[in-house]
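What follows is a short report on a single structure.
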Protein chains: 2
Amino acid sequence: MKELLDYFKNTVSISPEIENKISEIIEEKNLVKGEQVLTDNSAKKEHIFVVSGCLRSFFKTEDGKEHTVQFAIKNWWISDYITLYTDNKSVVSIESLTHSKVLIINNAKVEKFYQEFPQFEIIQRKNFEKRISALQKRILSLLALTAAEKYNQFIEDYTEFEKIIPNYQIASYLGITPQSLSRIRKERFKN
Amino acid sequence: MKELLDYFKNTVSISPEIENKISEIIEEKNLVKGEQVLTDNSAKKEHIFVVSGCLRSFFKTEDGKEHTVQFAIKNWWISDYITLYTDNKSVVSIESLTHSKVLIINNAKVEKFYQEFPQFEIIQRKNFEKRISALQKRILSLLALTAAEKYNQFIEDYTEFEKIIPNYQIASYLGITPQSLSRIRKERFKN
DNA sequence: TTTAAATATGAATCTATGGTAATAAATTAA
DNA sequence: TTAATTTATTACCATAGATTCATATTTAAA
């Protein structure tokens with residue numbers, strides 16, 4: 001709870017009154033390793049804020065393959081933005097990779113919150129600006145980089161994640177098979 | 001000009017006073033086919049709103065290959081979100097694919113505008129919600145779909161674009177070569 | 001029009017990555 | 001600790017898509 005307020009306070013100042021209001025719309029939840037917060041087809045419009053631990057969002061294709069959309073640690077948001085902001089059916093699930101603590105906020109409540117506390121618009125807009133540039137960066141990588149280059153960039157950008165996340169999930173984030181990643185790692189660390 | 005105001009009015013009501021203020025920060029520009037609005041390494045923090053015509057954002061890699069990030073037509077925004085919202089150096093250029101009319105808004109002016117007219121935060125937040133879900137959708141496609149599947153989805157989602165955009169640019173949007181796209185089209189239209 | 005340039009298609013290799021399967025290493029559970 | 005399960009690596013073959021190069025076709029320019 002405090003963690004989210006601190007996060008907000010990086011952007012705007014928050015009155016005690018608002019603090020209370022925020023607390024009211026938030027559900028705090030502890031997750032064990034492997035536990036899912038959001039399941040595909042649930043169509044739950046929820047924002048998830050990571051207090052501690054590590055989560056990932058992913059989806060499965062008909063052939064049974066899993067594809068990782070995003071990882072998130074402390075102070076990151078993770079959600080299924082397609083479910084949140086379109087009427088399309090949800091395909092994304094979110095699961096905990098470690099013991100984690102998250103804050104869950106229903107989007108309907110967030111919508112009300114925008115109205116009551118316009119300052120929240122500012123917080124969210126800046127949050128979105130970061131997210132949009134991160135998503136664009138991801139698209140550039142997926143379009144232009146080879147598997148090895150994508151892995152190098154992942155290591156650079158997500159140093160903190162590297163130790164927590166199993167390689168087969170890193171592979172599914174990069175859009176390659178665990179076998180390919182293994183080959184790339186062998187090459188990379190052989191010197 | 002009017003077009004942007006109409007676009008805004010879909011979300012919030014706008015007073016004549018605000019209308020004038022908006023006009024002040026906007027530069028209207030006519031583009032001929034092939035003309036660039038934004039060049040890589042220019043580091044210009046600009047939002048571009050398409051009034052008419054069609055534009056695309058793209059970047060080049062060292063090997064000289066072009067990769068298309070986005071296409072945009074009437075009432076779409078197109079920008080380089082990495083330049084806009086991070087300190088990273090810009091790699092993206094934006095060019096006109098047809099005779100086009102655009103509105104160009106400098107981000108510093110937009111920042112001021114947020115302060116003077118908080119309602120603009122709402123407009124922008126909703127704009128961002130759409131953009132984020134679109135970007136996420138693109139990432140899902142790039143991760144999970146084969147070249148042929150990506151092309152099918154492109155045709156479905158961007159019917160209006162299909163006739164305007166040359167195939168070699170569609171290929172660069174899908175992350176494949178024009179030769180591959182040609183093979184896919186042959187297969188697709190052979191019945 | 002005719003010519004030149006840009007775009008699209010085609011076919012023949014080549015290559016990075018995928019698929020399958022077997023083994024090894026590392027976690028987790030008993 | 002040992003056994004069971006999950007994750008990582010390796011090898012070998014298959015394949016989607018890239019590359020290269022040649023040739024149509026379309027579009028723009030003179």
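Quick note on labels: first sequence line is chain A, next is B, and so on, each numbered from 1.
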What is the distance from [atom1] of [X] to [atom2] of [N], rounded to the nearest Å?
| X | N | atom1 | atom2 | answer |
| --- | --- | --- | --- | --- |
| I184(B) | dT9(C) | CD1 | P | 12 Å |
| D63(A) | dT20(C) | CG | P | 10 Å |
| E66(A) | dG18(C) | CD | C1' | 17 Å |
| K150(A) | dA16(C) | NZ | P | 14 Å |

key: Where V69(B) and L140(A) come nearest, the two heavy atoms and their spacing   = CG2-CD2, 3.5 Å
ask   = Between the side chain of T177(A) and the main-chain N/O of S180(A), is any donor-acceptor distance below 3.5 Å?
value = yes
query = Does some side-chain heavy atom of I48(A) sit less than 4.5 Å from a side-chain heavy atom of L38(A)?
reply = yes
ask   = ring-ring contact (aromatic ring centres under 6.0 Å, His included): which pairs involve residues 14-43 of chain B, sequence neighbours left out?
value = none
request  = Output every pair passing ring-ring contact (aromatic ring centres under 6.0 Å, His included) with a member in residues 8-31 of chain A, not counting sequence neighbours, ordered by first then second residue.
outcome  = F8(A)-F120(A)
query = Which is it for I123(B) and Q119(B) under the side chain to side chain contact (heavy atoms under 4.5 Å, CB included) test, yes or no, and what are the steps along the way?
reply = CA-CA 7 Å; I123(B) 295 171; Q119(B) 277 202 311; 5.7 Å; no
request  = State which residues pass ring-ring contact (aromatic ring centres under 6.0 Å, His included) with F59(A); sequence neighbours excluded, sorted by chain then number.
outcome  = H67(A)
inquiry  = Applying ring-ring contact (aromatic ring centres under 6.0 Å, His included), can you list everything that pairs with H47(A), at least two apart in sequence or on another chain?
reply    = none
query = Could you state the interatomic distance from CG (N127(B)) to CD (Q124(B)), rounded to the nearest 0.5 Å?
reply = 5.0 Å
Helical bend (five base pairs per end, nearest 10°) for the helix from dT1(C)-dA30(D) to dA30(C)-dT1(D) = 50°
query = Has R125(A) got its NZ or CZ under 6.0 Å from the middle of the six-membered ring of Y114(B), at an angle within 45 degrees of the ring axis?
reply = yes
Under 3.5 Å, side-chain donor or acceptor atoms of residues 91-99 of chain B against the rest of the protein: list the pairs with distances, not counting sequence neighbours.
from	atom 1	to	atom 2	distance (Å)
S93(B)	OG	D40(B)	N	3.0
S93(B)	OG	D40(B)	OD1	3.4
E95(B)	OE2	R56(B)	NE	3.0
E95(B)	OE2	R56(B)	NH2	3.4
S96(B)	OG	T98(B)	O	2.4
S96(B)	OG	S100(B)	OG	2.8
T98(B)	OG1	C54(B)	N	3.1
T98(B)	OG1	S100(B)	OG	3.3

Nucleotide range of DNA chain D lying under 4.0 Å from chain A heavy atoms = dT7(D) to dA11(D)
task = Please list, by residue number, the residues of residues 160-182 of chain A whose heavy atoms come closer than 4.0 Å to an atom of DNA chain D; answer none if no residue qualifies.
result = P166(A), N167(A), Y168(A), Q179(A), S182(A)
inquiry  = Mind checking if R183(A) touches a base, just sugar-phosphate, or nothing, with heavy atoms under 4.0 Å?
reply    = base
Which pairs would a plain distance check flag for residues 27-37 of chain B, meaning a side-chain donor or acceptor within less than 3.5 Å of a matching protein atom at least two apart in sequence or in another chain?
from	atom 1	to	atom 2	distance (Å)
E28(B)	OE2	K101(B)	NZ	3.3
E35(B)	OE1	V32(B)	N	2.9

message = Taking the ring of F71(B) and the ring of Y158(B), is the distance between their centroids below 6.0 Å?
response = no
key: Close approaches to DNA chain C from residues 52-62 of chain B, in residue order (heavy atom, under 4.0 Å)   = none
task = For the pair F154(A) and Y151(A), name the ring-plane relationship: parallel under 30°, tilted 30 to 60°, perpendicular over 60°.
result = parallel
Which atom pairs link the protein and nucleotides 26-28 of chain C when you take only N or O atoms and keep those under 3.5 Å?
from	atom 1	to	atom 2	distance (Å)
dT28(C)	OP1	K33(A)	NZ	2.9

note = Quick note, side chain to side chain donor-acceptor pair (under 3.5 Å) partners involving residues 77-86 of chain A, not counting sequence neighbours, are Y7(A)-W77(A), D80(A)-T83(A), D80(A)-S90(A), D80(A)-Q136(B), Y81(A)-R131(A), T83(A)-S90(A)
